[in-house]
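Written out below as structure tokens is the structure these notes cover.
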Amino acid sequence: MSEPTPPPPSAGQDRQERIVELEARLSKRAGVGVMPPVAAAALLGAVWMLWMQSREMEYFRSDPTPIDLGAEGDYHFDRLVSNRYAQIHGVPTLRGVYGGDAKTPWVAVGLQQTQILVKRPTLPTEVWKEGAPPPPPDPRPFAVRGRLRAREEAGKLTPAFERMEQLGELKPKWIIEEGAKPGADFAAMGWFGGLLGFAVLNAWLLIRGTMAAVERLRKR
């Protein structure tokens, strides 16, 4: 005599079991969060960008008292320190390198008897019209304060060094960006703070995801 066949599961029972299965899967995924490899990649990217911005933050926190590099006939080149606030007085070279746009034009001029360039906004006597040769820089001696950087740290201003050498005026090794004062660039500080927060978040996600993965392996 054959045993009685159990009745087939109802549609409602199948649906309930499927819901329980899906909830179990979702709970496992939620416990992991961002996968460790993704968090690790994001963390490495954030750390690299933080390192690229470290000199900006170093200057932001540097001494706001300018290094006095002297004036013509009495320069103090022994005081040259890259990424510091500095001041100098001198006579400009006969030619300069122009850049910027119509709203923010600038000129980089050398200081005679030095290896220093000065990047400053153009003066009314230094208007450069498109298609015409650039005018000579204003010949009057001037004083300037700004961020002093060595050539290897000049970044986007490196072409100004090369162009000045081609003009035969001097072989610059330093540049002062007029008006760039420590503690004034809050945009750089905000960018650095955002990157730091992003790095901390991904470090936490990496630790959390790794611990969750280890816990799952133990339960197997």
Quiz item: Is the shortest heavy-atom distance from the side chain of M164 to the side chain of L117 under 4.5 Å?
Solution: yes
Self-check item: Sequence neighbours excluded - side-chain hydrogen bond (donor to acceptor under 3.5 Å, both in side chains) pairs with any residue from residues 98-111
Solution: D101-T104
Quiz prompt | I176 CD1 to R145 CZ distance, which is reported to the nearest 0.5 Å | solution = 11.5 Å
Quiz item: Taking C-beta and beyond as the side chain, do W174 and R151 meet within less than 4.5 Å on heavy atoms?
Solution: no
Quiz prompt | Cluster check L148, V81: I/L/V/M/F/W/Y, side chain < 4.5 angstrom | solution = yes
Quiz item: Does the side chain of L123 reach to within under 4.5 Å of the side chain of F142, using non-hydrogen atoms?
Solution: no
Exercise. Apply the test side-chain contact (heavy atoms from CB on, under 4.5 Å) to residues R147 and Y85: give CA-CA distance (whole Å), side-chain angles for both, the deciding distance (0.1 Å), then the verdict.
Key: CA-CA 5 Å; R147 184 180 183 180; Y85 191 47; 5.9 Å; no
Exercise. Group every Ile, Leu, Val, Met, Phe, Trp and Tyr by side-chain heavy-atom contacts under 4.5 Å, then state whether L167 and L170 land in the same group.
Key: yes
Self-check item: Minimum-distance pair of heavy atoms, taken over all atoms of G90 and E72
Solution: CA-OE1, 3.4 Å
Quiz item: Are any of the side-chain nitrogens in R149 or E177 under 4.0 Å away from the carboxylate oxygens of its partner?
Solution: yes
Quiz item: Linking I/L/V/M/F/W/Y whenever their side-chain heavy atoms sit closer than 4.5 Å, directly or via other members, would V109 and V91 fall into one cluster?
Solution: no
Quiz item: Do F77 and I116 come close enough that some side-chain heavy atom pair is under 4.5 Å?
Solution: yes
Quiz prompt | Minimum heavy-atom distance between A160 and A108, given as atom pair plus value | solution = CB-CB, 4.3 Å
Quiz item: Taking the side chain from Y59 and the backbone from A180, do they hold a donor-acceptor pair closer than 3.5 Å?
Solution: yes
Quiz item: Are the side chain of E178 and the backbone of V118 linked by a donor-acceptor contact shorter than 3.5 Å?
Solution: no
Practice problem: Kindly give the heavy-atom pair with the smallest separation between P141 and H89, and that separation in Å. | Solution: CB-CE1, 3.7 Å
Quiz prompt | Any donor-acceptor pair under 3.5 Å from Q87 side chain to P66 backbone | solution = no
Quiz prompt | Heavy-atom side-chain proximity of P105 to T122 below 4.5 angstrom | solution = yes
Quiz item: Is it true that R84 and E153 make a salt bridge, defined as a side-chain N closer than 4.0 Å to a carboxylate O?
Solution: no
Quiz item: If two hydrophobic side chains count as joined below 4.5 Å and joins carry through other members, does I175 share a cluster with L80?
Solution: no
Self-check item: Trace of the side-chain contact (heavy atoms from CB on, under 4.5 Å) decision for Y75 with I88
Solution: CA-CA 8 Å; Y75 287 119; I88 195 170; 3.7 Å; yes
Quiz item: Excluding sequence neighbours, so at least two apart, what forms side chain to side chain contact (heavy atoms under 4.5 Å, CB included) with R79?
Solution: I67, D68, L69, H76
Quiz item: Does one hydrophobic cluster hold both V107 and L111, with members joined at side-chain heavy-atom distances below 4.5 Å?
Solution: yes
Quiz item: Does a side-chain heavy-atom distance below 4.5 Å link P134 with E126?
Solution: no
Self-check item: Nearest non-hydrogen partners of R120 and P137, listed with the distance
Solution: NH2-CB, 4.5 Å
